[in-house]
Student: 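Right, I'll just put the structure down here and ask away after.
No experiment lies behind these values; they were computed from the predicted model shown.
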Amino acid sequence: MNIYKNNTITELVEGNPYVGRGIVIGKSKDGKKACSAYFIMGRSANSRNRVFTKKDNAVYTEPFDASRVEDPSLIIYAAIRSLDNKLIVTNGDQTDTIYNGLKNGETFATSLTKREFEPDAPNFTPRISGMITFDNNDFTYEMSILKSADSEGSACSRYHFSYPSLPGTGHFIHTYICDGNPIPTFCGEPERTEIPDDIDVFTNDLWKALDDDNKISLYVRYTNLADGSFEDKIINKNK
């Protein structure tokens, strides 16, 4: 077994009906760009009634049809925000927790000690988060998952991962292993994945690999390490 093998995103996702929400962070193969990606999936009508929108260099989940929203508390939030040389991406309103923590001098990991998994028993959906720190035309990145320590949601287990950026290598973390009732939560370290040079290739491969019935929206950003400019793509199933 080669523990350093980078699977393609297709190999990691295709054929799995429900990986939930997912974050990918890594460096393009040519070493020139930082990749960050976030996608959402959904099984309920409330979860599926969403789109990604951009406002002021941030990305938000918003209702596609506001008249059909049942409970906005866990489905409407800022998914991607920037602060100074940091890019934050999460699957919930802990984006703002990290953002405000950084402004107050806290670290990524410390700010998340204020939060835990989502209160959606019996699934207790994990909160997954990532952050890129840009410096000297390069970057490092961190990932986190906060998950229930037991089937009753009585305590929170906290996992933090820190990575250097390596050309062609990224890490993929998602909320669920697969579909189920309750849905089994992600286990282990974030999965290694290939990061191609072309944003269109990566975006299309990931979107195509996600289950057609359950995928909702995808956001991908490639940041040029030389000058900080970026190219991004949004795909919304609801149009």
Side-chain angles (χ1 to χ4, degrees), residues 9 12-13 19-28 33-41 50-62 74-103 106-109 111-112 115 117-118 125-135 139-147 158-163 165 169-176 186 189-191 193 195 199 202-203 206-207 210 215-225 228 230-236:
I9 199 65
L12 293 175
V13 174
V19 291
R21 285 166 273 173
I23 295 170
V24 181
I25 299 176
K27 180 183 276 187
S28 60
K33 299 173 284 289
C35 167
S36 50
Y38 177 58
F39 66 80
I40 58 175
M41 305 180 78
R50 286 184 289 174
V51 292
F52 284 168
T53 61
K54 289 198 300 182
K55 297 178 184 177
D56 302 323
N57 204 32
V59 177
Y60 293 83
T61 64
E62 291 191 343
L74 295 178
I75 66 167
I76 307 301
Y77 52 86
I80 290 96
R81 295 189 70 178
S82 300
L83 179 67
D84 301 327
N85 67 328
K86 315 283 190 184
L87 181 66
I88 307 159
V89 52
T90 89
N91 73 327
D93 61 10
Q94 74 269 24
T95 304
D96 295 335
T97 304
I98 298 167
Y99 181 89
N100 292 327
L102 294 173
K103 290 179 70 174
E106 298 174 347
T107 65
F108 171 81
S111 64
L112 284 168
R115 306 303 301 271
F117 51 88
E118 296 181 357
T125 299
R127 290 190 186 272
I128 56 172
S129 308
M131 186 176 77
I132 298 175
T133 300
F134 295 98
D135 186 43
F139 69 98
T140 57
Y141 58 101
E142 300 167 78
M143 287 181 151
S144 166
I145 182 167
L146 312 178
K147 53 189 292 186
R158 304 171 183 277
Y159 303 88
H160 175 256
F161 307 91
S162 181
Y163 299 102
S165 60
T169 297
H171 288 87
F172 172 40
I173 192 167
H174 42 100
T175 52
Y176 306 125
F186 181 89
E189 297 180 19
E191 300 162 338
T193 187
I195 305 295
I199 187 174
F202 182 76
T203 302
L206 177 49
W207 184 250
L210 292 169
K215 64 186 179 185
I216 301 170
S217 295
L218 168 64
Y219 176 80
V220 179
R221 177 184 296 196
Y222 270 40
T223 302
N224 187 311
L225 297 175
F230 66 85
E231 181 181 8
D232 59 1
K233 305 285 183 182
I234 288 181
I235 301 177
N236 287 312

Student: Got a second to check how far Thr140's OG1 is from Met131's CE, nearest 0.5 Å?
Tutor: 7.5 Å
Student: For Val220 versus Ala37, what's the shortest heavy-atom pair and its separation?
Tutor: CG2-CB, 3.9 Å
Student: Do Thr193 and His171 have side chains that get closer than 4.5 Å, going by heavy atoms?
Tutor: no
Student: If you compare all heavy atoms of Ala34 against all heavy atoms of Ile132, which two are closest, and at what distance to 0.1 Å?
Tutor: CB-CD1, 4.4 Å
Student: Centre-to-centre under 6.0 Å for Phe161 and Tyr141, is that the case here?
Tutor: no
Student: Apply the side chain to side chain contact (heavy atoms under 4.5 Å, CB included) test between Pro190 and each candidate in Phe172, Tyr163, Tyr159; give the one that qualifies.
Tutor: Tyr163
Student: Whether the Thr90 and Ser129 side chains hold a donor-acceptor pair (N or O, under 3.5 Å, no angle test) is what I'd like checked.
Tutor: no
Student: Answer yes if the ring centres of Tyr176 and His174 are under 6.0 angstrom apart, and no otherwise.
Tutor: no
Student: If we count only N and O atoms by modelled type, under 3.5 Å, do the side chains of Thr97 and Arg115 hold a donor and an acceptor together?
Tutor: yes
Student: List the steps, then state whether side-chain contact (heavy atoms from CB on, under 4.5 Å) holds for Leu210 with Phe39.
Tutor: CA-CA 9 Å; Leu210 292 169; Phe39 66 80; 3.7 Å; yes
Student: Distance-only, no hydrogens or angles: does the Lys147 side chain make a donor-acceptor pair with backbone N or O of Phe186 under 3.5 Å?
Tutor: yes
Student: Could you report the tightest heavy-atom contact between Ser111 and Gly101, atom names first, then the distance?
Tutor: CB-CA, 4.2 Å
Student: What distance separates Ile216 CD1 from Ile40 CD1, expressed to the nearest 0.5 Å?
Tutor: 4.5 Å
Student: To the nearest 0.5 Å, what is the distance between CG (Leu218) and CE (Met41)?
Tutor: 11.0 Å
Student: At what distance, to the nearest 0.5 angstrom, does OG1 of Thr223 lie from CZ of Phe134?
Tutor: 4.0 Å
Student: For residues Phe202 and Cys35, report the shortest heavy-atom separation together with the two atoms involved.
Tutor: CE2-SG, 3.8 Å
Student: How far apart are the C-alpha atoms of Asp93 and Arg127, what are their side-chain angles, what is the distance that settles it, and do they pass the salt bridge (charged side-chain N to carboxylate O under 4.0 Å, His left out) test?
Tutor: CA-CA 9 Å; Asp93 61 10; Arg127 290 190 186 272; 3.6 Å; yes
Student: Taking NZ, NE, NH1 and NH2 as the nitrogens, is one of them in Lys54 or Glu62 under 4.0 Å from a carboxylate oxygen of the other?
Tutor: no
Student: Output, in order, the C-alpha distance, side-chain angles, deciding distance and verdict of side-chain contact (heavy atoms from CB on, under 4.5 Å) for Thr95 and Val89.
Tutor: CA-CA 7 Å; Thr95 304; Val89 52; over 6 Å; no
Student: Does one side chain, of Asp232 or Tyr219, offer a donor that lies under 3.5 Å from an acceptor on the other?
Tutor: yes
Student: For Lys86 and Thr133, test the side chains for any donor-to-acceptor distance below 3.5 angstrom and give the result as yes or no.
Tutor: yes
Student: Nearest 0.5 Å, please: how far is OH in Tyr222 from OG in Ser36?
Tutor: 9.5 Å
Student: Can you spot which of Ile145, Thr107, Ile98 makes a side chain to side chain contact (heavy atoms under 4.5 Å, CB included) with Leu112?
Tutor: Ile98
Student: Go through it in stages, so that I can follow the logic: the residues are Phe52 and Thr61, the test is side-chain contact (heavy atoms from CB on, under 4.5 Å), and I'd like the CA-CA distance, side-chain angles, deciding distance and then a yes or no.
Tutor: CA-CA 5 Å; Phe52 284 168; Thr61 64; 3.5 Å; yes
Student: Is there a donor in the side chain of His160 and an acceptor in the side chain of Glu142, or the other way round, less than 3.5 Å apart?
Tutor: yes
Student: Do Leu225 and Lys33 come within less than 4.5 Å of each other through their side chains, counting heavy atoms only?
Tutor: no
Student: Identify the heavy atoms of Phe117 and Leu146 that sit nearest to each other, and give their distance.
Tutor: CB-O, 3.7 Å
Student: Ignoring hydrogens and geometry, is there a side-chain-to-backbone donor-acceptor pair from Asn236 to Val51 under 3.5 Å?
Tutor: no
Student: Please report the shortest heavy-atom distance between Asn91 and Thr175, naming the atom on each side.
Tutor: ND2-CG2, 3.4 Å
Student: Within this structure, what is the CG-NZ distance for the pair Asp84 and Lys103, rounded to the nearest 0.5 Å?
Tutor: 9.5 Å
Student: side-chain contact (heavy atoms from CB on, under 4.5 Å), that's the test. Do Tyr38 and Arg221 meet it? Break it down for me.
Tutor: CA-CA 9 Å; Tyr38 177 58; Arg221 177 184 296 196; over 6 Å; no
Student: Quick one: does NZ or CZ of Lys55 land under 6.0 Å from the six-membered ring centre of Tyr60, within 45 degrees of the ring axis?
Tutor: yes
